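Let me begin by presenting the structure, written as structure tokens, before commenting on it.
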Amino acid sequence: MKRLALLALAALPSLAHAEPLRIATDATYPPFEYIDASGKLAGFEVDLAYALCKEMNTPCEVVNQPWDGLIPGLQVKKFDAIMASMNITDERRRAVDFSKVYYFMQNRFVARKAAAARVDAAALKGKAIAVQTGTPQERFVTREFGKSATIKRYVNAQDPMLELASGRVDYTFGNTVQLQKGFLETPKGQGFGFVGPVFDGRRDKVLGEGVAVALRKNDAELKARFDKAIDAVKKKGVFQQLLQKHGLQGLLEG
């Protein structure tokens, strides 16, 4: 009987794989993550998180957390993973580990359509640029334009766009998809547009090496599970279906 019981246990999935995962996001970044009209978390990465958990055969819960509390919360085991359009950087690698990349982020400046199309230190001299703090975009504009322009930093991803719409800053800089969907296609974004070239991490490493799941240091087992699930949802077409659902086809590189 004892031997049969052991065999039965061996046939079951790993208990670790059956434990619910808590995945944190910052729901201020539509269309990637936001609070919908019913008060629920929604967005491309929220749907992707649940799709990855389904692929891993693991129940999970996506929870909302302010951006500046994501990595500290992960480190103290408040949750198990982060999916919040978090770009891989050397600085973040010192604090967390990452899964394989699931999309690459492109970045541009947005300003009033009457603004000069040229984006360089001379054109931005004396101007104010709004950016989300603690991001690769903040580090990029600080390094490139901090000596000629005023850099204004905000915790909430929506605030830089609101500051631009109100006229309190001249430019914002960020993810092109988020700026397009979360600002330019909204009433507040009328009269504004992209200016200057596209910047990404393949051209300038400070902007990150791609968006991935952030995990606690040395959690190799969970990283392997996420890596395998990311490959699977792309191979099965689920990733492309989610891009289409959220109007992101052709707007980011997966």
Side-chain angles (χ1 to χ4, degrees), residues 26 28-34 43-45 67-68 84-92 103-211 246-254:
D26 171 21
T28 64
Y29 209 55
F32 295 97
E33 39 266 336
Y34 59 94
F44 169 72
E45 281 181 295
W67 176 265
D68 57 353
S85 287
M86 187 168 283
N87 233 323
I88 300 170
T89 65
D90 287 339
E91 180 182 0
R92 288 176 181 157
Y103 86 84
F104 290 95
M105 184 181 292
Q106 296 182 326
N107 307 276
R108 291 188 74 181
F109 283 93
V110 167
R112 289 198 177 275
K113 289 180 179 177
R118 197 173 90 252
V119 173
D120 55 34
L124 298 184
K125 186 175 182 179
K127 303 297 185 180
I129 305 170
V131 68
Q132 186 181 18
T133 191
T135 63
Q137 292 89 347
E138 178 200 3
R139 285 187 287 280
F140 177 79
V141 296
T142 299
R143 187 194 70 188
E144 295 294 316
F145 307 105
K147 293 181 179 178
S148 58
T150 299
I151 313 299
K152 295 192 173 183
R153 300 165 177 87
Y154 304 86
V155 171
N156 189 307
Q158 294 293 308
D159 287 344
M161 293 176 283
L162 296 175
E163 292 292 278
L164 181 63
S166 72
R168 287 189 286 269
V169 298
D170 304 291
Y171 295 86
T172 187
F173 180 75
N175 181 310
T176 53
V177 175
Q178 196 272 339
L179 290 169
Q180 177 70 36
K181 296 291 183 178
F183 182 61
L184 296 178
E185 293 182 6
T186 72
K188 285 186 172 64
Q190 299 306 300
F192 294 87
F194 290 117
V195 295
V198 173
F199 301 91
D200 66 39
R202 286 164 290 187
R203 177 175 165 181
D204 195 316
K205 192 176 177 182
V206 74
L207 285 170
E209 300 165 41
V211 170
H246 294 282
L248 294 171
Q249 265 187 326
L251 293 177
L252 61 84
E253 185 175 344

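Heavy-atom basis, side chains included; hydrogens, waters and symmetry copies ignored. What you are looking at is a predicted structure, and each value in this text was computed from that prediction instead of being measured.
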Check: Between Lys205 and Asp90, is there a side-chain N and carboxylate O pair less than 4.0 Å apart?
Finding: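 Counted as a salt bridge, because a side-chain N and a carboxylate O are separated by less than 4.0 Å.
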Return the [atom1] to [atom2] distance between [X] and [Y], rounded to the nearest 0.5 Å.
X	Y	atom1	atom2	answer
Thr150	Phe145	OG1	CZ	13.5 Å
Ile129	Leu164	CD1	CG	11.0 Å
Phe32	Asp26	CZ	CG	13.0 Å
Glu144	Phe199	CD	CZ	7.5 Å
Leu184	Gln178	CG	CD	9.5 Å
Gln180	Thr186	CD	OG1	10.0 Å

Notebook entry, point to check: Tyr154 pairs by side chain to side chain contact (heavy atoms under 4.5 Å, CB included) with which of Glu163, Glu138, Met161?
Noted result: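 With Tyr154 as partner, side chain to side chain contact (heavy atoms under 4.5 Å, CB included) holds for just one option, Glu163.
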Are the side chains of [X] and [Y] in touch, meaning some heavy atoms are under 4.5 Å apart?
X	Y	result
Leu179	Thr172	yes
Val211	Glu45	yes
Phe183	Val110	yes
Pro31	Leu248	yes
Val206	Thr89	no

Note to self: For Asn107 and Phe140: C-alpha separation, side-chain torsions, deciding distance, then whether side-chain contact (heavy atoms from CB on, under 4.5 Å) applies.
What the structure shows: CA-CA 10 Å; Asn107 307 276; Phe140 177 79; over 6 Å; no
Is it the case that the side chain of [X] and the backbone of [Y] share a donor-acceptor pair, with hydrogens and angles ignored and the cut-off at 3.5 Å?
X	Y	result
Gln132	Arg153	no
Asp200	Met105	no
Gln158	Thr28	yes
Arg108	Gly196	yes
Asn87	Leu207	yes

Margin query: side-chain contact (heavy atoms from CB on, under 4.5 Å) for Lys152 and Val131? Distances and angles first, verdict last.
Written below: CA-CA 6 Å; Lys152 295 192 173 183; Val131 68; over 6 Å; no
Can you name the nearest heavy-atom pair linking [X] to [Y], along with the distance?
X	Y	result
Gly208	Pro136	N-CB, 4.4 Å
Asp120	Ala123	OD1-N, 2.7 Å
Met86	Trp67	CE-CH2, 4.0 Å
Tyr171	Ala115	OH-CB, 4.1 Å
Ala149	Leu124	CB-O, 3.4 Å

Next item on the list: Determine, step by step, whether Ser85 and Glu33 satisfy the side-chain contact (heavy atoms from CB on, under 4.5 Å) criterion, reporting the C-alpha distance in whole Å, the side-chain angles of both residues, the deciding distance to 0.1 Å, and the verdict.
Entry: CA-CA 9 Å; Ser85 287; Glu33 39 266 336; 3.8 Å; yes
Note to self: Once you measure the plane-to-plane angle for Phe173 and Phe109, does it fall in the parallel (<30°), tilted (30-60°) or perpendicular (>60°) bin?
What the structure shows: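 The rings of Phe173 and Phe109 sit tilted, inter-plane angle from 30° to 60°.
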Checklist line | Worked verdict on Tyr29 versus Lys181 for side-chain contact (heavy atoms from CB on, under 4.5 Å) | finding: CA-CA 10 Å; Tyr29 209 55; Lys181 296 291 183 178; over 6 Å; no
